[in-house]
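Each remark here refers to the structure printed beneath this line.
Just the heavy atoms: all of them, side chains too, but no hydrogens, waters or symmetry mates, feed the values below. In the text below, chain A, chain B and the rest are named by the order of the sequence lines, each starting its count at 1.
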Protein chains: 2
Amino acid sequence: MQTPSQISSVNHPKFQIEVDVVVFTLRENRLQVLLCCLQMNDSWRLPGLPLQADSTLEETAAHCITQYTGLHEAYLEQLYTYYDSCEQIASVVYFALVPADSLLNAKDESASKWFPVDDLPALAPNHKEILTYALRRLRYKLEYSAVGFELLPDDFTLSELQFTYELILGEKLDKRNFRRRILQAGVIESTPHRRTGEGRPAQLYRYRPDAVAEVKARRLFP
Amino acid sequence: MQTPSQISSVNHPKFQIEVDVVVFTLRENRLQVLLCCLQMNDSWRLPGLPLQADSTLEETAAHCITQYTGLHEAYLEQLYTYYDSCEQIASVVYFALVPADSLLNAKDESASKWFPVDDLPALAPNHKEILTYALRRLRYKLEYSAVGFELLPDDFTLSELQFTYELILGEKLDKRNFRRRILQAGVIESTPHRRTGEGRPAQLYRYRPDAVAEVKARRLFP
DNA sequence: GCAAAAGTGTTACAGTTACACCCATGG
DNA sequence: CCATGGGTGTAACTGTAACACTTTTGC
């Protein structure tokens, strides 16, 4: 047991703090996650950076994403903080989503690689667990907020949006119900453009930046 | 911009890490939160302890609760991690619930005090914001999980349970709908006892420890 | 016997799901 | 003209919300 005197005592050990990021994207019709190769062995880990004294946690996470993907903007959210008492390192894990079409100019492509979430390599201890948790949070979040758009380019068709949802949730959705509901929700608006290709051209939509991104919760329990 | 070389460089500053806890309970028919007096001035803060190298984050939070409330068990959940680049202290905040009847033997009563969440004193910077977030999370969590029982003694009547929900959510609930749903959910079971007092005696119920504590999410969006 | 709190069902309404065909374009 | 993906409405069903009176006890 500790005693109250510890609160203001000088017993204040110091720790390294690392900011790790679980970056998700859509590539090759699969949900993929960014991993770094761990110093020459065949084990992989989440990309991360040590916290610097004058940065914020979120800035550090953003720097990390920029470094590995070349992107300067991403949806970012704090996930969880772990502390490893063996290594005496705390790890603040963020969760990030980057759009499907934006993976062009990573500054250090050799150091990192995308992996489908259902086909992961051997991971550093804890990182498998962290990733599983991040994936659960993504699926869960998709069900009550408009976070799915963060994985799409600015303009998209309703079919692309539905496909994104199906990919993440891992189940087929009904086309008519999906369209009716997403339009009723009022979070997207049509653009003047269409996408041509095979078959009938599709109306392009964009996410309304002024949209309320979360549905108001209905009571689920009890 | 940082460079990839920082990942494996020796540029690893160290930080103090503090574990703070937002402890909620029911007292005097109000939702209350535990606060500590900040060194002789009239400002208050969340109770906290510095992380020790060989403890886990959760252990530290649990120690903190024991110290200020005398309780050895509480519902505990990580809330968020803040980093203050001025003071260079990271603060991992936990969220805790303790039952209404268990506030007996705090070891250091003079150092801390309960405040109703709608009648708070002046707080240390950030702590007001943290508390608001914790309260939001409590209300939100109540809607999809059985977390409300953590604020009640082992045995309780349905009216007490409903009153707890009403207190936290800040709205009246329909008695018949509440009872039907909580019983259908299968998370409580009746005990052989009754509570007597004014009016008709009430059946006592208890939370089923084997109950599934979260409802399976229904799709809310889109 | 009366005050006080416990306990109990039904009906109307709203939201959700399931489902199949026509449309516009490119080759 | 046909293959391909885009786009559209309705009916059954399921879950939710609203609502008032009877029961049991202590005083």
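- Evaluation of the side-chain contact (heavy atoms from CB on, under 4.5 Å) rule for B:Q162 yields B:E166, B:L173, B:K175, B:F178 as partners, not counting sequence neighbours.
- Per the geometry, CD belonging to A:Q184 stands 13 Å off P belonging to D:dG9, to the nearest Å.
- Remark: P of D:dG6 and CG of A:L204 are 11 Å apart, rounded to the nearest angstrom.
- As rounded to whole Å, 12 Å separates atom P of C:dG7 from atom CG of B:L161.
- With sequence neighbours excluded, no residue forms a side-chain hydrogen bond (donor to acceptor under 3.5 Å, both in side chains) with A:T191.
- Residues passing the ring-ring contact (aromatic ring centres under 6.0 Å, His included) test with B:Y83 are B:F15, sequence neighbours excluded.
- Partners of B:Y94 by ring-ring contact (aromatic ring centres under 6.0 Å, His included), not counting sequence neighbours: none found.
- A:S91 pairs by the side-chain hydrogen bond (donor to acceptor under 3.5 Å, both in side chains) definition with A:D20, not counting sequence neighbours.
- Rounded to 10 degrees, the angle between the two end axes of the helix from C:dG1-D:dC27 to C:dG27-D:dC1 is 0°, with five pairs used at each end.
- Considering only heavy atoms from C-beta on, B:V22 stays 4.5 Å or farther from B:L138 through its side chain.
- For A:N29, the side-chain hydrogen bond (donor to acceptor under 3.5 Å, both in side chains) test picks out no residue, with sequence neighbours left out.
- Spacing between atom CZ of A:R179 and atom P of C:dT17 amounts to 18 Å, rounded to whole angstrom units.
- When the P atom of D:dG5 is taken as reference, atom NZ of A:K175 falls 11 Å away, rounded to whole Å.
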What does the list of N/O pairs under 3.5 Å between the protein and nucleotides 2-5 of chain C look like, with a distance for each?
{"residue": "C:dA5", "atom": "OP1", "partner": "B:E198", "partner atom": "OE1", "Å": "3.4"}

Are any protein N/O atoms closer than 3.5 Å to N/O atoms in nucleotides 9-12 of chain C? If there are, list each pair with its distance.
{"residue": "C:dG9", "atom": "O6", "partner": "B:R180", "partner atom": "NH2", "Å": "3.3"}
{"residue": "C:dT10", "atom": "O4", "partner": "B:R180", "partner atom": "NH2", "Å": "3.4"}

Can A:Y82 and A:E129 be said to form a side-chain contact (heavy atoms from CB on, under 4.5 Å), step by step?
-> CA-CA 11 Å; A:Y82 298 86; A:E129 163 204 356; 3.9 Å; yes
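- Applying the salt bridge (charged side-chain N to carboxylate O under 4.0 Å, His left out) rule to pairs touching residues 70-83 of chain B yields B:E77-B:R137, B:E77-B:K141, sequence neighbours excluded.
- Note: CZ (A:R194) to P (C:dC23) measures 15 Å, nearest angstrom.
- The ring-ring contact (aromatic ring centres under 6.0 Å, His included) search around A:Y205 returns none, not counting sequence neighbours.
- In this structure A:E150 satisfies the side-chain hydrogen bond (donor to acceptor under 3.5 Å, both in side chains) test with no other residue, sequence neighbours excluded.
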